[in-house]
2 protein chains.
Amino acid sequence: MRPLIHPAIEDVRPEAILHALADPARAAIFASITQAGCVQACSAVSSLGERVIPKSSLSAHFKVLREAGLIRSERHGVEMRNHSRCAEVEARFPGLLSAIMNAYAGAKGCEAAAP
Amino acid sequence: MRPLIHPAIEDVRPEAILHALADPARAAIFASITQAGCVQACSAVSSLGERVIPKSSLSAHFKVLREAGLIRSERHGVEMRNHSRCAEVEARFPGLLSAIMNAYAGAKGCEAAAP
DNA sequence: CCATTAGTTCCGAATTTCCGAACTATGGGA
DNA sequence: TCCCATAGTTCGGAAATTCGGAACTAATGG
């Protein structure tokens with residue numbers, strides 16, 4: 001079990017953030033962590049939409065979010081707690097995260113209106 | 001030569017935009033098109049930074065930007081003119097493009113300060 | 001009609017992503 | 001203490017993407 005990698009906020013790169021959030025599943029996971037008081041166990045997220053995401057894929061998604069600097073993960077006993085780093089990222093790249101999350105929210109609303 | 005695909009603005013997906021701009025080369029191309037009065041020939045962009053981008057890769061980059069809804073390309077004689085669709089995209093996803101471009105601009109300044 | 005310029009398409013190699021199976025780490029009993 | 005259950009990570013091979021050189025197409029100008 002290698003130690004978890006958390007880049008310092010000044011090492012966080014925009015392309016890593018965009019790449020991480022370019023996947024709707026990861027964006028949904030990040031939104032969930034950010035909204036749910038910044039704490040969430042991995043498996044509390046495993047049923048996003050109707051798609052079942054296998055554990056290994058989920059673990060990889062968390063790793064991408066972590067190494068992009070979007071979340072911070074720490075073990076608490078047997079489970080992992082994930083905190084959103086949105087405040088830090090927002091300070092470094094003002095408006096970025098909110099614009100991205102609004103874009104997803106907006107697009108979701110539109111497509112639901114066209115059955 | 002298949003016809004160029006330009007999605008309607010209401011069909012533009014956030015994940016496509018993030019994916020397109022998650023590549024620094026594409027983000028630079030898009031910034032260049034947007035800033036240069038919204039018109040640019042493909043090869044006017046071919047030497048970004050010090051990296052030489054082969055024609056085929058450049059063509060693929062333009063295709064990704066086009067199909068993400070970020071640019072509009074039309075033939076004018078032998079050359080292709082690319083217009084930024086930033087106004088349309090900005091209307092649909094407010095703040096998204098400016099936040100992304102600012103993030104890249106900010107990150108570039110910071111890393112240049114650490115040799 | 002041929003040459004040139006600008007860009008696209010094709011295709012094989014390299015890279016990345018996906019996911020099941022095996023593994024590791026931690027805590028809680030018996 | 002040993003074993004089990006839970007939570008997540010790592011491995012490895014298949015599938016999907018991306019990269020880039022070579023060949024191709026389209027328009028223009030001798």
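Atoms considered below: every heavy atom in the structure, side chains included; atoms not considered: hydrogens, waters and symmetry mates. In what follows, chains carry the letters A, B, and so on, assigned in the order in which the sequence lines appear, proteins first and then strands, with residues in each chain numbered from 1.
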For H61(A) and for G77(A), locate the closest nucleotide of DNA chain C by heavy-atom distance; then report the residue assigned to the nucleotide nearer the 5' terminus.
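Comparing both residues, the 5'-ward one is H61(A).
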Rounded to whole Å, how long is the line connecting atom [atom1] of [X] with atom [atom2] of [N]?
X: K55(A); N: dT10(D); atom1: NZ; atom2: P; answer: 13 Å
X: I53(A); N: dA7(D); atom1: CD1; atom2: C1'; answer: 16 Å
X: M80(B); N: dA27(D); atom1: CE; atom2: C1'; answer: 12 Å
X: L58(B); N: dT8(C); atom1: CG; atom2: P; answer: 9 Å
X: L4(B); N: dT8(C); atom1: CG; atom2: P; answer: 7 Å
X: R81(B); N: dA26(D); atom1: CZ; atom2: P; answer: 21 Å
X: N82(B); N: dA6(C); atom1: CG; atom2: P; answer: 14 Å
X: D23(A); N: dC19(C); atom1: CG; atom2: P; answer: 10 Å

Side-chain N or O of [X] less than 4.0 angstrom from OP1 or OP2 on [N]?
X: S59(B); N: dT8(C); answer: yes
X: R2(A); N: dC11(D); answer: yes
X: S57(A); N: dC18(C); answer: no

In sequence, state the C-alpha distance, the side-chain angles, and the governing distance for I33(A) and F62(A), and then conclude on side chain to side chain contact (heavy atoms under 4.5 Å, CB included).
CA-CA 11 Å; I33(A) 293 174; F62(A) 275 86; 3.7 Å; yes
Toward the 5' end of DNA chain D, by each residue's nearest nucleotide, H19(B) or M1(A)
M1(A)
Specify the closest pair of heavy atoms between H61(B) and D23(B), including all atoms of both residues, with the distance to one decimal.
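Here H61(B) and D23(B) meet closest at CE1-OD2, 3.6 Å.
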Would you list the atom pairs, donor with acceptor, under 3.5 Å between side chains in residues 66-78 of chain B and any protein atom, with sequence neighbours excluded?
residue: R66(B); atom: NH1; partner: S73(B); partner atom: OG; Å: 3.2
residue: R72(B); atom: NH2; partner: E88(B); partner atom: OE1; Å: 3.3
residue: S73(B); atom: OG; partner: N82(B); partner atom: OD1; Å: 2.7
residue: E74(B); atom: OE1; partner: H76(B); partner atom: NE2; Å: 3.3
residue: R75(B); atom: NE; partner: G77(B); partner atom: O; Å: 3.4
residue: H76(B); atom: ND1; partner: R81(B); partner atom: NH1; Å: 3.2

Are V64(B) and L18(A) joined in one hydrophobic group, where the rule is that I, L, V, M, F, W and Y side chains link up if heavy atoms are under 4.5 Å apart?
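In one cluster with V64(B): L18(A), no.
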Check against side chain to side chain contact (heavy atoms under 4.5 Å, CB included), R26(A) and H19(A)
CA-CA 10 Å; R26(A) 280 196 295 262; H19(A) 172 250; 4.1 Å; yes
Between dG21(D), dA26(D), dG8(D), spot the one nearest the side chain of R75(B), thanks.
dA26(D)
Among dT9(D), dA25(C), dA6(C), which is the nearest nucleotide to the side chain of V78(A)?
dA25(C)
Check every strand shown and say whether H76(A) touches a base, only sugar-phosphate, or nothing at a heavy-atom separation below 4.0 Å.
nothing
